[in-house]
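To keep things clear, I will list the structure first and then write my remarks on it.
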Amino acid sequence: METESFSKELLVWLILFLPVGAFAINALIIRPFLGSTSRLAWIVTVAAMLAAVALSAYQFIQVRDAAEHHIQYVSHDWLDIGNFHLEIGLKVDSLTSIMLLVVTSVSTLVQIYSHGYMKEDGGYVRYFSYMSLFTASMLGIVLANNLVMLYAFWELVGLCSYLLIGFWFTRPAAANAAKKAFIVTRVGDVGFLLAILWTFHKTGTFNIDELTAMAASGAIVTSVATWLAIGAFAGAVGKSAQFPLNTWLP
């Protein structure tokens, strides 16, 4: 039974690690050894994404048929310092399964289309490296079962946005736009980080399921839930260029 559970969990982790693998192959093997315009980068990227779409569809079916449309996986130890204990793991429920399909399918279509747009560009391999990492970062946000893991992938999305906005870094306008976007979105992300730390201070946990259960039972006071919501909203405002952190988009 444990082996079966581990196998099913591994399939979920693969959805995340397939684009991570594509990023590593493109950045560490194809670009250094086959050149910066090798079409193999596109093949590797799209193949990884098609596999991720298939696994996401399978996971959707698994969640649909599961009790309460939720699959529970064991968290894994990550960090132990004194009384502080941090785990990483997967949150797989109906919303997760839908968002996995959305992220992988849309990303696949974008990367298929990108070939025609980028085929004459000297940074062809670099582009698909960035896009693979960007996709993995979004999938990490979807799958994270705790706020620390979620925030780490949230910041990776910010890094990828910076890299893609400034992709043509030899153009001053692109380089300046990337720096502006990176700085402005950090303002919102600081609010998100402070809210996460405040929530841990008040509840003693980063685990999303535990926080949800505490909120449902009334164990989390209104002020804590309010500040967490405000902090999360601040992060979203920055990333989606909403007022007043919309200045980076133009």
Side-chain angles (χ1 to χ4, degrees), residues 1-27 40-76 78 87-115 127-161 163-164 207-209 212 232 235-236 239-240:
M1 194 69 176
E2 290 184 1
T3 303
E4 181 181 357
S5 177
F6 174 76
S7 299
K8 290 182 177 180
E9 181 185 359
L10 184 59
L11 290 177
V12 185
W13 281 110
L14 271 176
I15 298 174
L16 171 62
F17 283 112
L18 279 167
V20 170
F23 163 75
I25 291 170
N26 288 337
L40 185 59
W42 180 73
I43 296 172
V44 168
T45 300
V46 173
M49 288 313 308
L50 288 173
V53 170
L55 288 173
S56 297
Y58 173 75
Q59 196 60 39
F60 178 85
I61 295 171
Q62 294 295 305
V63 172
R64 182 198 64 185
D65 296 338
E68 300 181 1
H69 306 300
H70 182 273
I71 300 176
Q72 187 70 44
Y73 292 112
V74 176
S75 294
H76 305 279
W78 181 254
E87 298 178 332
I88 60 171
L90 301 168
K91 179 176 175 60
V92 182
D93 56 16
S94 54
L95 180 59
T96 300
S97 65
I98 292 171
M99 290 308 300
L100 286 176
L101 275 175
V102 170
V103 173
T104 54
S105 59
V106 172
S107 181
T108 301
L109 292 174
V110 168
Q111 295 183 36
I112 290 173
Y113 168 81
S114 295
H115 167 69
Y127 171 81
F128 285 106
S129 299
Y130 291 167
M131 283 300 296
S132 295
L133 185 61
F134 194 18
T135 302
S137 303
M138 290 187 287
L139 290 171
I141 292 174
V142 171
L143 288 168
N145 76 340
N146 67 79
L147 295 177
V148 173
M149 185 176 171
L150 186 152
Y151 187 77
F153 283 108
W154 185 266
E155 287 301 303
L156 269 177
V157 166
L159 172 63
C160 293
S161 296
L163 293 173
L164 287 166
N207 188 278
I208 294 172
D209 285 335
T212 302
K239 284 289 193 294
S240 56

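Residues: numbered from 1 along the sequence shown.
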List the atom of [X], the atom of [Y], and the distance in Å for their closest heavy-atom pair.
X: W42; Y: Q111; answer: NE1-O, 2.9 Å
X: A22; Y: T45; answer: CB-CA, 4.2 Å
X: I15; Y: P19; answer: O-CD, 3.2 Å

Atom pair [atom1] ([X]) and [atom2] ([Y]), whose distance is rounded to the nearest 0.5 Å:
X: K91; Y: L150; atom1: NZ; atom2: CG; result: 11.0 Å
X: F128; Y: F23; atom1: CZ; atom2: CZ; result: 15.0 Å
X: N207; Y: N145; atom1: CG; atom2: CG; result: 5.0 Å
X: I141; Y: T96; atom1: CD1; atom2: OG1; result: 12.5 Å
X: M99; Y: D93; atom1: CE; atom2: CG; result: 11.5 Å
X: T135; Y: M49; atom1: OG1; atom2: CE; result: 5.0 Å

Does a side-chain heavy-atom distance below 4.5 Å link [X] with [Y]?
X: L11; Y: K8; result: no
X: V20; Y: F17; result: yes
X: N146; Y: E87; result: no

Should V74 and E9 be marked as a side chain to side chain contact (heavy atoms under 4.5 Å, CB included) after you check the CA-CA gap, both sets of side-chain angles, and the distance that decides it?
CA-CA 9 Å; V74 176; E9 181 185 359; 5.6 Å; no
With distance as the sole criterion, is a donor-acceptor pair present between the side chains of T212 and D209 under 3.5 Å?
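No, no side-chain donor-acceptor contact under 3.5 Å.
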Qualifying ring pair (Phe, Tyr, Trp, His ring centres under 6.0 Å) pairs with a residue from residues 131-153, counting only residues at least two apart or across chains
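The answer is Y151-F192.
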Could you tell me whether a side-chain N or O of [X] sits under 3.5 Å from a main-chain N or O of [Y], the two making a donor and an acceptor?
X: W13; Y: G89; result: no
X: N26; Y: V44; result: no
X: S97; Y: S94; result: yes

Run the numbers on M131 and L164 for side chain to side chain contact (heavy atoms under 4.5 Å, CB included), then give the verdict.
CA-CA 8 Å; M131 283 300 296; L164 287 166; 3.9 Å; yes
Only one of I98, V142, L101 forms a side-chain contact (heavy atoms from CB on, under 4.5 Å) with S56, so which one is it?
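Going through the options one by one, the only one that passes is L101.
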Would Y73 and V92 count as a side chain to side chain contact (heavy atoms under 4.5 Å, CB included) here? Give the steps.
CA-CA 8 Å; Y73 292 112; V92 182; 3.8 Å; yes
Verify side chain to side chain contact (heavy atoms under 4.5 Å, CB included) between V157 and S161, making sure each step is shown before the conclusion.
CA-CA 6 Å; V157 166; S161 296; 4.3 Å; yes
